[in-house]
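The next block holds one structure in the form of structure tokens; read it before the comments.
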Amino acid sequence: MPLPNIIERISDTVWELPVSYKPGMRVPARIYGTEKLIQAMDEAVYDQITNVATLPGITKYALCMPDGHSGYGFPIGGVAAMDTEEGIISPGGIGFDINCGMRLVMTNLTYNEVKPHLKELVDKLYKKIPAGVGSTGFLKVSRDEFRQIVEQGAHWCVKHGYGWEEDLEMTEESGCIEGADSKKISEKAIDRGYNQIGTLGSGNHYLEIQVARREYIMDEKLARVFGITVPDQIAVMFHTGSRGFGHQVATDYLQVFLKVMQSKYGISVLDRELASAPFNSPEGKDYYAAMKCGINMSFANRQLILHRIREVFSDVFGRSPQDMGMYMVYDVAHNTAKVENHSINGQTKKLLVHRKGATRAFGPGMEGVPKRYKEIGQPVIIGGSMETGSYLLVGTSGGSQTFFSTAHGSGRTMSRSKAKKTWRGETLQHEMEARGIYVRSASWSGLAEEAGGAYKDINDVIEAAELSGISKRVALFIPIGNVKG
DNA sequence: ATGTCC
């Protein structure tokens with residue numbers, strides 16, 4: 001794809017579309033990526049990120065991360081910080097899968113110890129952690145209990161024995177965001193969500209057994225702080241979100257916003273998918289409080305899955321999770337909007353930062369980073385495709401240019417439908433097994449859709465994120481087992 | 001992403 005003539009190269013990894021690109025832009029749009037990535041990006045990204053630049057209250061830049069691709073309203077990879085007084089909140093800037101994110105847990109087991117048990121381990125994980133469209137969990141809770149869960153997040157799980165106190169410390173927002181109000185949630189959303197705690201879901205959601213090989217540790221000192229201390233150490237990484245619950249919350253409020261946006265607030269947007277309400281309006285506040293329930297549902301979901309993972313490891317290896325060193329490195333989301341303080345032209349401002357397919361990457365010393373990591377910056381977990389490996393990065397002070405945000409994954413280059421025509425799930429499974437990755441999937445077509453070849457090269461994305469200074473590599477994890485939704 | 005269209 002030829003780059004638009006008007007695009008300005010700010011550096012090797014930062015590209016700017018000025019306000020003259022399109023009428024109504026309030027700020028320039030900046031896309032992060034090497035020239036190779038920028039050229040491979042779908043054209044819709046230019047259109048979508050410059051649409052975002054027209055939204056009321058947007059501050060400094062509309063940003064797109066190196067793994068950007070077209071999404072609902074906002075591109076996936078989009079970051080937009082809105083003034084909390086004058087600005088809007090937009091479900092399209094958060095995503096349907098509210099608080100979708102990554103969780104990483106280490107073990108002290110080595111590849112040689114795990115390899116003889118790998119199939120049993122993956123098969124048991126596949127059995128214990130329901131995956132696929134419409135899957136329901138083992139946790140039986142009433143609708144009322146579920147309303148408590150969406151207000152309490154992972155705290156509810158730990159209180160009920162599904163996890164450890166220190167898991168909470170290693171979770172963004174300590175596993176429970178303040179201000180979640182279940183009164184702002186529809187019965188329909190409760191219906192869809194109350195039996196989905198502890199389920200993986202479908203699409204690009206997965207759970208992976210990975211190995212941290214010594215040659216793929218980029219920063220040994222930081223890796224040690226994150227708990228990577230043994231050669232060929234085994235880790236478990238997984239990716240899931242708020243399932244049908246978050247989806248319904250987004251759907252409910254998109255409808256509300258479409259009704260009041262123009263008539264009540266006089267806001268017109270260039271794309272209906274950018275439906276918004278003033279952040280300070282009753283509708284905006286209701287969505288924010290409901291969206292926070294989605295955030296907490298997602299933390300609880302990942303907490304319960306972690307508990308199941310520990311149970312399965314105990315079953316397979318006959319040791320306690322503590323004995324196997326199954327400590328959480330971190331849980332970090334990539335579909336949220338949160339009020340944060342950021343420095344704008346030397347002044348601290350309260351901003352509502354939308355991150356849609358973009359990971360928070362707070363740097364050293366920042367408020368909100370767990371004590372253990374405070375001096376070095378927060379862990380950033382970026383899942384690659386199921387065939388290529390995943391990265392652990394760290395937030396940097398250079399993150400200030402993107403409101404401390406970075407990429408979240410590889411980013412698709414091929415549509416799901418084309419991927420299904422290109423690969424067959426059964427063949428892919430055999431090929432992956434021959435390459436040392438044992439994969440179990442809820443759906444053959446779902447497996448084909450997630451083929452590594454349908455994604456950008458994760459290494460290109462990470463290279464761009466590091467070169468631009470918005471995060472720094474710590475380690476690359478190589479998959480050996482995968483449970484795919 | 002999603003009871004992949006109420």
Side-chain angles (χ1 to χ4, degrees), chain A residues 42 44 48 65 67-78 90-103 130-137 143 146 185-207 238-255 258 273 275 290-291 293-295 297-299 301-302 305 333-337 354-359 382-383 385-386 407-412 414-421 425 441-450 454-455 483-485:
Chain A
D42 40 326
Q48 292 189 324
M65 299 298 103
D67 51 336
H69 54 286
S70 81
Y72 184 91
F74 277 56
I76 293 154
S90 179
I94 293 164
F96 281 84
D97 190 4
I98 294 165
N99 209 48
C100 184
M102 306 292 304
R103 190 175 279 219
V133 182
S135 52
T136 54
R143 284 171 171 75
F146 183 69
I185 297 296
S186 69
E187 280 305 318
K188 195 171 178 184
I190 300 290
D191 271 345
R192 286 182 71 175
Y194 81 102
N195 57 8
Q196 288 190 320
I197 298 272
T199 64
L200 209 46
S202 65
N204 63 1
H205 288 167
Y206 64 87
L207 184 160
F238 58 99
H239 176 216
T240 185
S242 50
R243 308 283 287 103
F245 176 72
H247 193 277
Q248 191 60 44
V249 171
T251 305
D252 288 342
Y253 281 92
L254 276 168
Q255 281 170 6
L258 278 171
E273 295 182 355
M291 192 272 294
C293 293
I295 292 183
M297 149 61 173
S298 168
F299 284 142
N301 189 25
R302 291 198 285 273
I305 289 173
H334 47 237
N335 279 5
T336 59
H354 294 73
R355 293 189 182 90
K356 198 255 194 86
T359 312
I382 300 194
S385 77
M386 63 186 176
H408 87 302
S410 302
R412 293 194 79 88
M414 190 187 286
S415 69
R416 292 184 176 277
S417 53
K418 193 173 173 203
K420 267 191 284 201
K421 283 178 202 150
S441 175
S443 137
W444 288 123
S445 63
L447 187 67
E449 286 178 7
E450 293 303 314
Y455 281 85
V483 176
K484 217 213 68 56

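Sequence lines set the chain letters: A, B, ... in the order given, protein chains first and strands last, and positions in each chain run from 1.
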Please report the distance, rounded to the nearest Å, between [atom1] in [X] and [atom2] in [N].
| X | N | atom1 | atom2 | value |
| --- | --- | --- | --- | --- |
| Q255(A) | dC5(B) | CD | P | 15 Å |
| H205(A) | dT4(B) | NE2 | P | 16 Å |
| N301(A) | dT2(B) | CG | C1' | 14 Å |
| Q248(A) | dC5(B) | CD | C1' | 13 Å |
| Q196(A) | dT2(B) | CD | P | 8 Å |
| N335(A) | dT2(B) | CG | P | 11 Å |
| F96(A) | dC5(B) | CZ | P | 12 Å |
| E449(A) | dT4(B) | CD | P | 14 Å |

Check whether the side chains of H239(A) and H334(A) place a donor and an acceptor atom closer than 3.5 Å, and report yes or no.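 There is such a pair between these side chains.
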
Between R355(A) and T359(A), do the side chains contain an N or O donor and an N or O acceptor separated by less than 3.5 Å?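 No.
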
So what does K188(A) touch, heavy atoms closer than 4.0 Å: a base, only the sugar-phosphate, or nothing?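 Base, at least one base atom sits under 4.0 Å.
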
With a non-hydrogen cut-off below 4.0 angstrom, is G203(A) in contact with a base, only sugar-phosphate, or nothing?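 Contact class for G203(A): sugar-phosphate only.
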
Compare side-chain N and O positions of R416(A) against OP1 and OP2 of dT4(B) and report whether any pair is under 4.0 Å apart.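 So the side chain of R416(A) is outside the cut-off, no N or O lying under 4.0 Å from OP1 or OP2 of dT4(B).
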
Taking 4.0 Å as the cut-off, does a side-chain nitrogen or oxygen of S202(A) come that near to OP1 or OP2 on dT2(B)?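 Affirmative; the distance criterion is met.
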
Once salt bridge (Lys or Arg N to Asp or Glu O under 4.0 Å) is applied, do any residues pair with R243(A), and if so which ones, sequence neighbours excluded?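 Checked R243(A) against salt bridge (Lys or Arg N to Asp or Glu O under 4.0 Å); zero matches.
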
Taking only residues two or more places apart in sequence or in another chain, which ones pass salt bridge (Lys or Arg N to Asp or Glu O under 4.0 Å) with R416(A)?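 E449(A), E450(A).
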
